[in-house]
Amino acid sequence: MRWPDHAIWWHVYPLGFTGAERAALPPGAGAPPAHRLDRIAGWLDHLVALGCNGLALGPVFASETHGYDTVDHFRVDPRLGDESDLLRLVEAASGRGVRVLLDGVFNHVGRGFPRFADVEAQGGASPYAGWFVPDGDGGFRTFEGHHKLVALNHDEPAVADYTVEVMSHWLERGVDGWRLDAAYAVPAEFWRTVTDRVRARFPDAWLLGEVIHGDYAGFVERSGLDSVTQYELWKAIWSSLNDRNFFELAHALTRHDGMLQTFVPQTFLGNHDVTRIASRLDDERHLAHALVILLTTAGVPSIYAGDEFAFHGIKEEREGGDDAIRPAFPERPDETPGHGAPYHRLHQDLIGVRRRHPWLVRAHTQVATLTNTALSYTVGQGEQRLGVVLNVADEPAKADLPAAGWTCIAGDAAFHGEGALIPPQGWAIAHP
């Protein structure tokens with residue numbers, strides 16, 4: 001197994017986590033870097049105690065506001081510190097056996113990106129004129145209509161050269177991989193050009209693409225990426241629990257299973273772009289069910305910082321609408337509401353189950369019992385197997401499993417012979 005098969009990521013949005021200013025200081029303001037990345041280093045022991053072994057960082061590069069309007073991919077955002085701060089964080093993580101993933105935005109840039117500023121000043125005479133695409137109205141193509149996010153021209157070879165240079169620069173300095181933002185908006189052929197060249201130098205790097213929907217497996221094959229974000233499963237988990245409709249989840253699990261023939265998806269219940277799972281679910285008793293599903297199905301899972309404490313936060317489609325899901329954190333984990341509470345401990349317990357069964361990363365799922373409110377399935381690879389039972393009804397439920405002399409290792413169902421009796425709103429994991 002390669003190292004990504006053992007990875008369980010703790011995902012942090014650094015600008016929000018550290019309480020950085022909403023916008024960069026104007027150039028020439030003379031303010032020294034704010035060394036805030038050290039605050040994330042102070043949470044590494046929490047990451048490890050949770051059972052994770054990867055730190056997935058959101059944007060850390062110089063930008064104008066939220067990090068996804070990058071202006072310099074080679075410079076750490078002064079609101080977070082400088083390069084020495086980032087390298088110290090990578091070193092501290094490595095000393096604990098923790099891998100580090102960076103977030104790279106190569107679909108678009110901020111309007112302050114120097115090459116774009118040169119094009120605005122010189123027009124077609126700029127040596128970077130081919131980096132951007134005129135929109136026919138005197139401006140340039142943007143990302144999904146956001147004026148401040150200028151789209152790069154991925155037909156321009158120099159853009160691919162630049163992307164390879166940036167990714168290689170930070171891989172040389174000890175990071176272990178990249179999340180590629182808005183990968184779905186970039187031609188897969190561009191990514192293939194980039195990934196082939198990066199892998200030639202860094203064969204162990206893990207490359208993850210943000211893809212919302214569509215042909216995940218086909219995109220992976222064409223792009224050369226290792227994985228993409230599994231939004232289908234994310235949606236099916238919370239939606240099936242809210243609607244008490246496990247048929248939706250069963251369908252998604254079948255599709256998820258098919259992806260394993262091509263790649264291992266990156267799975268999650270939350271990230272910096274979506275409403276917190278504790279706010280998304282209509283019944284907070286189902287937080288446990290959602291976490292069980294995440295940690296007993298195939299994939300490279302991530303925990304969005306704060307979800308282990310059942311943080312609430314609703315994403316809104318407006319200016320500042322992400323603030324609630326990207327809050328500042330205390331300096332110390334034990335100062336955080338929810339620290340040491342049952343849901344925090346459940347994360348530790350269920351991540352522990354996954355750690356003891358590392359084959360789950362590629363396990364195939366087979367549904368045994370399926371009703372609107374009760375679901376049982378087995379997950380297995382080779383001779384290894386676990387059974388999972390879930391009940392979201394307010395009365396007990398019976399669930400079948402292939403006869404195996406099941407023994408409960410987590411949860412509260414009573415297993416007997418070929419099945420289990422699950423208490424109201426209950427769940428359990430068992431091994432044969």
Side-chain angles (χ1 to χ4, degrees), residues 8-11 13 50 212-213 229-253 256 265-297 299 301-317 321-327 336-339 341-351 353-354 365 370-377 388-395 397 399 410-413 422-429:
I8 299 177
W9 299 96
W10 192 61
H11 175 198
Y13 176 75
L50 199 60
I212 309 299
H213 50 70
T229 50
Q230 224 299 32
Y231 271 91
E232 266 190 29
L233 183 61
W234 162 79
K235 191 269 180 184
I237 291 173
W238 61 259
S239 180
S240 66
L241 292 170
N242 281 348
D243 295 343
R244 287 171 168 76
N245 176 18
F246 275 136
F247 287 90
E248 178 185 359
L249 178 60
H251 176 73
L253 288 172
H256 185 72
Q266 196 278 306
T267 55
F268 57 94
L269 295 178
N271 62 35
H272 66 292
D273 277 331
V274 300
T275 290
R276 293 266 182 186
I277 188 66
S279 294
R280 179 73 74 173
L281 290 173
D282 296 337
D283 187 337
E284 285 204 17
R285 292 178 296 179
H286 298 158
L287 279 169
H289 298 77
L291 191 63
V292 168
I293 297 163
L294 175 69
L295 293 174
T296 59
T297 51
S302 63
I303 307 298
Y304 183 47
D307 280 358
E308 70 270 36
F309 305 127
F311 274 18
H312 284 255
I314 297 175
K315 177 183 175 69
E316 299 178 7
E317 298 301 328
D322 292 319
D323 292 354
I325 60 174
R326 303 174 179 179
T336 310
H339 184 274
Y343 193 54
H344 176 204
R345 293 195 297 270
L346 181 62
H347 273 75
Q348 294 174 312
D349 292 343
L350 292 180
I351 293 174
V353 169
R354 194 172 183 95
T365 304
L370 177 59
T371 72
N372 283 331
T373 57
L375 176 69
S376 69
Y377 57 87
V388 180
V389 295
L390 304 164
N391 178 20
V392 293
D394 290 324
E395 55 276 335
D412 53 3
I422 322 168
Q425 303 294 336
W427 59 270
I429 305 170

Could you check if a side-chain atom of [X] sits within less than 4.5 angstrom of a side-chain atom of [Y], using non-hydrogen atoms only?
{"X": "T373", "Y": "L390", "value": "no"}
{"X": "L287", "Y": "L281", "value": "yes"}
{"X": "V274", "Y": "I325", "value": "no"}
{"X": "L350", "Y": "I429", "value": "yes"}
{"X": "H256", "Y": "T365", "value": "no"}

Approximate separation, where rounding is to 0.5 Å, of [X] [atom1] and [Y] [atom2]:
{"X": "S240", "Y": "L375", "atom1": "OG", "atom2": "CG", "value": "8.0 Å"}
{"X": "L269", "Y": "I293", "atom1": "CG", "atom2": "CD1", "value": "8.5 Å"}
{"X": "H312", "Y": "I277", "atom1": "NE2", "atom2": "CD1", "value": "11.0 Å"}
{"X": "T267", "Y": "W9", "atom1": "OG1", "atom2": "CH2", "value": "13.0 Å"}
{"X": "D307", "Y": "H344", "atom1": "CG", "atom2": "NE2", "value": "12.5 Å"}
{"X": "L346", "Y": "I351", "atom1": "CG", "atom2": "CD1", "value": "9.5 Å"}

Are E308 and H339 close enough that a side-chain donor and a side-chain acceptor fall under 3.5 Å?
->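 Side chains of E308 and H339: no pair found under 3.5 Å.
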Check whether the side chains of T296 and Y377 place a donor and an acceptor atom closer than 3.5 Å, and report yes or no.
->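 Distance-only check passes for T296 and Y377.
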Which of these passes side-chain hydrogen bond (donor to acceptor under 3.5 Å, both in side chains) with K315: D323, D322, D273?
->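 With K315 as partner, D323, D322, D273 yield a single side-chain hydrogen bond (donor to acceptor under 3.5 Å, both in side chains), made by D322.
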Can you name the nearest heavy-atom pair linking [X] to [Y], along with the distance?
{"X": "P327", "Y": "R276", "value": "CD-NH2, 3.7 Å"}
{"X": "G313", "Y": "T275", "value": "O-CG2, 3.3 Å"}
{"X": "A428", "Y": "D412", "value": "CB-N, 3.9 Å"}
{"X": "L370", "Y": "A250", "value": "CD2-CB, 3.8 Å"}
{"X": "P265", "Y": "Q230", "value": "CB-CG, 3.4 Å"}
{"X": "S302", "Y": "L294", "value": "O-CD2, 4.1 Å"}

Would you please indicate yes or no on a ring centroid separation below 6.0 angstrom for H251 and F247?
->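 Centroid separation for F247 and H251: 6.0 Å or greater.
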Considering the options N391, V392, V292, L291, which one meets the side chain to side chain contact (heavy atoms under 4.5 Å, CB included) requirement together with W427?
->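 Answer to the side chain to side chain contact (heavy atoms under 4.5 Å, CB included) test with W427 among N391, V392, V292, L291: V292.
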Please determine which of N372, L241, L253 meets the side chain to side chain contact (heavy atoms under 4.5 Å, CB included) test together with F246.
->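 Checked N372, L241, L253 against F246; only one passes side chain to side chain contact (heavy atoms under 4.5 Å, CB included): L241.
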Charged N-O contact under 4.0 Å between R244 and D283 =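 Answer for the salt bridge query: yes.
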Donor-acceptor pair, N245 side chain versus S239 backbone, under 3.5 Å?
->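 Such a contact is absent between N245 side chain and S239 backbone.
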Hey, does the side chain of H289 reach the backbone of G426 with a donor-acceptor pair shorter than 3.5 angstrom?
->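 Yes.
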For the residue pair F311 and F309, categorise the inter-ring angle as parallel (less than 30°), tilted (30 to 60°) or perpendicular (more than 60°).
->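 Taking F309 first and then F311, their aromatic rings sit tilted (interplane angle of 30° to 60°).
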Report the relative orientation of the aromatic rings in H11 and Y304; use parallel for angles under 30°, tilted for 30 to 60°, perpendicular for over 60°.
->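 Rings of H11 and Y304: tilted, 30 to 60°.
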